[in-house]
Chemist: 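Dumping the structure here so I can ask a few things about it.
These numbers come from the heavy atoms of this one structure, side chains and all, not from hydrogens, waters or symmetry mates.
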Amino acid sequence: VGSVRCVLETGAFLGVPLYHGTQLVGIFGLANSPDGYHESFLYTLAPLATATANLIWALRNEQHRIHTERALRESEEQLKLAMEGANDGLWDWDIENNHAYYSPRWQTMLGFNPGEVASVFSSKEALIHPDDLERVKKTLQEHLNDETTVYQSEHRVKTKNGRWLWVLDRGKVVERSKSGKPLRIVGTQTDITERKTAEEAVRERETRIAAILDTAVDGIVTISDEGTIETFNPAAEKIFGYNAEDVLGHNVNLLMMGEDADLHDTFIKRYLSSGKAKILGQRREVIGQRSDGTTFPMQLAVSEMKLGDRRHFTGIIRDITMTKEAERLLEDTMAFKQGILDSAKLSIISTDAKGVIQTFNAAAQQMLGYSQRELVGRATPEIFHDRDEITQRAIQLSEELGTHIRSGFEVFVAKARSGIADEQQWTYISKSGKRFPVLLTMTALHDQHDQIIGFVAIARDISRQQEAEEEISRFKTTPVSYTH
């Protein structure tokens, strides 16, 4: 009031401060009074000043509210445009009034027409897959309770036509009461079905690969370009006697003997520096080393794969101990059988089903002058037979069996193929051209399913027998004279 009194004393201007509470919102001024203003006039103006201050405060608040709402609407419009542009749906839940807004894109994403989804939050929850609903509600409630900074959930929602989509649902409380109670939450919904489908395909592929690795009878080991073991399947554990955790991170040399280990390491280094692969894609035999120090023969095939800019190598390992033992036994058995065949005085020749010679014993070699190397796997018995005899025999067999028999190897085996014993005299021609008669017996070989897998020809040289028979015949036909 003192300051006003000073103004009054000037007789020119009266200024009345306008307060809303303790905040100055303006000044109420009167001027041009020649006689000045009496102090009592100030008290008369007090109610007017108070009313004016309140009005100014209210107008300012209204303007601020209008400006804020306009800015909010513009922001929401911009957000909606951004969401629509990003193909995301927008949702806005007024929790206190249980009113929900779902943008056109949010609704069309699920196959609904804009405005078709009721503007309540339960509409949204009703579309969530039953198996996901409790988890989603729990996640949302944690955010409403201010336990998380944002709400985020990946779950399935039902479209209008009954199909299930995977969505990424995100939201944030944007308004709370003074007590912290959530009043409004705004969020977005993104269709992630394609991503989820791809992820599921990857998981299925990884599951299949894991199943293959876990059930494969061969050891499968992957290593880095530095030779470090990265994976070690159960079959490898069985082969080498190590648990996977015992070898992961160690150099693959651990699994091989010194010389093979050094060579393998050298091959990889050489390949990485030169790009020339000598071991990739090829099976080779190396000596493996088990956890107990014992060694064994193994077959190793190495292939390359690239993950990003790094090279990795996969080794397929097969323990061939039993195979080697079987081969040794087979060799011993074959040697034993060959010894029996070679000790026989008869020519014994076996062929496959097509007539190609498979075995050729010592007696046959001596009789015909050919070596095994010349005939085994290369020729048929036709090579040492008389062509004219073969042709004539084909004609005879065709008449005898009532079916056409082609001239060739079939004439030797036609009866044997039909299960008929066949013993026939033939003329053998040796490598040197010598001709001699043989009595040839042909027998079919069958497998466990009674399928013909080859033939055995046993021949006996009957030259001396024929000579003896001819001598006897001459003796019988020559007159005998007696002298006294």
Chemist: With the side chain counted from C-beta on, respond yes when L397 and V411 share a heavy-atom pair under 4.5 Å apart, and no when they do not.
Modeler: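 Contact flag for L397/V411 side chains = yes.
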Chemist: Do E374 and S371 get their side chains close enough for a donor-acceptor pair, meaning under 3.5 Å?
Modeler: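 Present: a donor and an acceptor within the cut-off.
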Chemist: Within the structure provided, determine whether I395 and E399 are in side-chain contact (heavy-atom separation under 4.5 Å).
Modeler: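 When only atoms from C-beta onward are counted, E399 and I395 do touch, with a gap below 4.5 Å.
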Chemist: Compute whether any side-chain donor of one residue and acceptor of the other, for S224 and E226, lie under 3.5 angstrom apart.
Modeler: no
Chemist: Would you find more than 12 non-hydrogen atoms of other residues, nucleotides or ligands less than 6.0 Å from E204 atom CD?
Modeler: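 Enclosed: over 12 neighbouring heavy atoms sit under 6.0 Å from CD of E204.
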Chemist: Can you tell me if CZ on R373 sees more than 12 non-hydrogen neighbours from other groups inside 6.0 Å?
Modeler: no
Chemist: Can you list the steps and then say if W166 with H155 is a ring-ring contact (aromatic ring centres under 6.0 Å, His included)?
Modeler: CA-CA 6 Å; W166 275 98; H155 54 265; 8.0 Å; no
Chemist: Which residues pass the side chain to side chain contact (heavy atoms under 4.5 Å, CB included) test with R318, sequence neighbours left out?
Modeler: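 R318: side chain to side chain contact (heavy atoms under 4.5 Å, CB included) contacts with D218, Q299, I320.
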Chemist: Verify whether one side chain among N361 and Q365 offers a donor that lies under 3.5 Å from an acceptor in the other.
Modeler: no
Chemist: Taking the side chain as everything from C-beta on, heavy atoms only, tell me whether V438 gets closer than 4.5 Å to S347.
Modeler: no
Chemist: Rounded to the nearest 0.5 Å, what's the gap from CD on E237 to CZ on F232? Could you check?
Modeler: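 Between E237 CD and F232 CZ, I get 6.5 Å after rounding to 0.5 Å.
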Chemist: So do the side chains of L140 and I185 get within less than 4.5 Å of each other, counting heavy atoms only?
Modeler: yes
Chemist: Give, for atom CD of Q107 and atom CG of N113, the distance between the pair rounded to the nearest 0.5 Å.
Modeler: 8.5 Å
Chemist: Going by heavy atoms in the side chains, are L445 and V456 under 4.5 Å from each other?
Modeler: yes
Chemist: Around atom NZ of K434, are there more than 12 heavy atoms from other residues, nucleotides or ligands closer than 6.0 Å?
Modeler: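 Check fails, neighbour count at 12 or below.
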Chemist: Taking atom CD of Q366 as the centre, report whether more than 12 heavy atoms of other residues, nucleotides or ligands fall under 6.0 Å from it.
Modeler: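 Atom CD in Q366 is not crowded, with 12 or fewer foreign heavy atoms closer than 6.0 Å.
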Chemist: Roughly how far, to the nearest 0.5 Å, is the OG1 atom of T380 from the CD1 atom of I349?
Modeler: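 The CD1 atom of I349 sits 10.5 Å away from the OG1 atom of T380.
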Chemist: Calculate, to the nearest 0.5 Å, the distance between atoms OG1 and CD1 belonging to T197 and I192 respectively.
Modeler: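 Between atom OG1 of T197 and atom CD1 of I192 there are 10.0 Å.
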Chemist: Can you name the one residue among T222, L248, N253 that meets side chain to side chain contact (heavy atoms under 4.5 Å, CB included) with I229?
Modeler: L248
Chemist: In terms of side-chain heavy atoms, does T294 have a donor or acceptor partner in R290 at a distance below 3.5 Å?
Modeler: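 The criterion, which ignores hydrogens and geometry beyond distance, is satisfied for R290 and T294.
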Chemist: Taking atom types as modelled, find out whether T427 and D386 have a side-chain donor-acceptor pair closer than 3.5 angstrom.
Modeler: no
Chemist: When you check the gap from the basic side-chain N to the acidic O, do E410 and K415 get nearer than 4.0 Å?
Modeler: no
Chemist: Evaluate the side-chain proximity of I390 to Q392: yes if any heavy-atom separation is below 4.5 Å, no if none is.
Modeler: no
Chemist: Are the side chains of M367 and D461 in contact, using a 4.5 Å heavy-atom criterion?
Modeler: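 Yes - at least one pair of side-chain heavy atoms lies under 4.5 Å apart.
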Chemist: Any donor and acceptor pair, going by atom type alone, linking the side chain of T139 with main-chain N or O of R135 inside 3.5 Å?
Modeler: yes
Chemist: Output yes when a side-chain donor or acceptor of T351 lies under 3.5 Å from a complementary backbone atom of I357, and no otherwise.
Modeler: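 A pair under 3.5 Å: no.
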Chemist: Do Q189 and R105 pair up side chain to side chain, a donor and an acceptor below 3.5 Å, judged on atom types alone?
Modeler: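 Per modelled atom types, Q189 and R105 side chains form no pair under 3.5 Å.
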Chemist: Could you check N145 against Q141 for side chain to side chain donor-acceptor pair (under 3.5 Å), going step by step and ending with a plain yes or no?
Modeler: CA-CA 6 Å; N145 293 342; Q141 191 59 51; 3.0 Å; yes
Chemist: Before you tell me yes or no, could you show the steps for R328 and K324 under side-chain contact (heavy atoms from CB on, under 4.5 Å), namely the whole-Å CA-CA distance, both residues' side-chain angles and the distance that decides it to 0.1 Å?
Modeler: CA-CA 6 Å; R328 187 187 66 78; K324 286 292 184 182; over 6 Å; no
Chemist: How are the rings of Y428 and H385 set relative to one another: parallel (under 30°), tilted (30 to 60°) or perpendicular (over 60°)?
Modeler: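 Plane angle over 60°, so perpendicular.
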Chemist: Please report the C-alpha distance between D88 and W106 in whole Å, then the side-chain angles of each, then the deciding distance to 0.1 Å, and finally whether the side chain to side chain donor-acceptor pair (under 3.5 Å) criterion is met.
Modeler: CA-CA 7 Å; D88 290 348; W106 190 98; over 6 Å; no
Chemist: What pair of heavy atoms forms the shortest contact from A353 to I452, and how long is it?
Modeler: CB-O, 4.1 Å
Chemist: Assign the ring pair W93 / F121 to parallel, tilted or perpendicular, where the plane angle (0 to 90°) is split at 30° and 60°.
Modeler: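 Ring orientation of W93 relative to F121: parallel.
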Chemist: If we ignore hydrogens and angles and just use 3.5 Å, is the side chain of Y102 paired with the main-chain N or O of E116 as donor and acceptor?
Modeler: no
Chemist: May I ask you to check whether E304 and H312 show a side-chain donor-acceptor distance below 3.5 Å?
Modeler: no
Chemist: Could you state the interatomic distance from NZ (K160) to CG (L127), rounded to the nearest 0.5 Å?
Modeler: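 If we round to the nearest 0.5 Å, K160:NZ and L127:CG are 12.0 Å apart.
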Chemist: With side-chain contact (heavy atoms from CB on, under 4.5 Å) as the test, would you mind laying out the steps for M442 and Q424 before giving the verdict?
Modeler: CA-CA 9 Å; M442 186 67 72; Q424 183 75 21; over 6 Å; no
Chemist: Got a sec, which pairs hit ring-ring contact (aromatic ring centres under 6.0 Å, His included) with one end in residues 233-255, sequence neighbours left out?
Modeler: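 The answer is F240-F296.
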Chemist: So that I can tick it off, tell me whether D319 and K238 are bridged by a salt bridge, with the cut-off set at under 4.0 angstrom between side-chain N and carboxylate O.
Modeler: no
Chemist: Verify whether one side chain among Q289 and T295 offers a donor that lies under 3.5 Å from an acceptor in the other.
Modeler: no
Chemist: Under 3.5 Å, is there a donor-acceptor pair between the side chain of K172 and the main chain of G187?
Modeler: no
Chemist: Taking 4.0 angstrom as the limit, do R464 and E467 come out as a salt bridge?
Modeler: no
Chemist: Can you tell me if R378 has over 12 outside heavy atoms packed within less than 6.0 Å of its CZ?
Modeler: no
Chemist: How many angstroms lie between atom CZ of F409 and atom CD1 of I383, to the nearest 0.5 angstrom?
Modeler: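 Here the interatomic distance stands at 14.0 Å.
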Chemist: Stepwise, does the ring-ring contact (aromatic ring centres under 6.0 Å, His included) test hold for F412 with W426?
Modeler: CA-CA 10 Å; F412 305 121; W426 290 92; 5.0 Å; yes
Chemist: Kindly indicate, with the supporting measurements, whether the criterion side-chain contact (heavy atoms from CB on, under 4.5 Å) is fulfilled by N233 and V221.
Modeler: CA-CA 7 Å; N233 79 328; V221 180; 5.5 Å; no
Chemist: Whether D94 and R184 form a salt bridge (side-chain N of Lys/Arg under 4.0 Å from carboxylate O of Asp/Glu) is what I want to check.
Modeler: no
Chemist: Stepwise, does the side-chain contact (heavy atoms from CB on, under 4.5 Å) test hold for M298 with V286?
Modeler: CA-CA 6 Å; M298 69 181 193; V286 298; 3.3 Å; yes
Chemist: Taking the side chain as C-beta and beyond, is there a heavy-atom pair between Y151 and V173 under 4.5 Å?
Modeler: no
Chemist: Would S350 and Q358 satisfy side chain to side chain donor-acceptor pair (under 3.5 Å), going step by step from the backbone distance to the final call?
Modeler: CA-CA 6 Å; S350 69; Q358 301 299 306; over 6 Å; no
Chemist: If we ignore hydrogens and angles and just use 3.5 Å, is the side chain of S123 paired with the main-chain N or O of S119 as donor and acceptor?
Modeler: no
Chemist: Please work out which of the three classes, parallel, tilted or perpendicular, describes the rings of F384 and F360, given edges at 30° and 60°.
Modeler: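 F360 and F384: tilted rings.
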Chemist: Using a 3.5 Å distance criterion without hydrogens, assess whether the side chain of S291 forms a donor-acceptor pair with backbone atoms of G241.
Modeler: yes
Chemist: Would you mind checking if K196 and E200 are paired as a salt bridge, meaning a charged N to carboxylate O distance below 4.0 Å?
Modeler: no
Chemist: Assess whether a salt bridge exists between R393 and E389, defined as any Lys/Arg side-chain N lying under 4.0 Å from an Asp/Glu carboxylate O.
Modeler: no
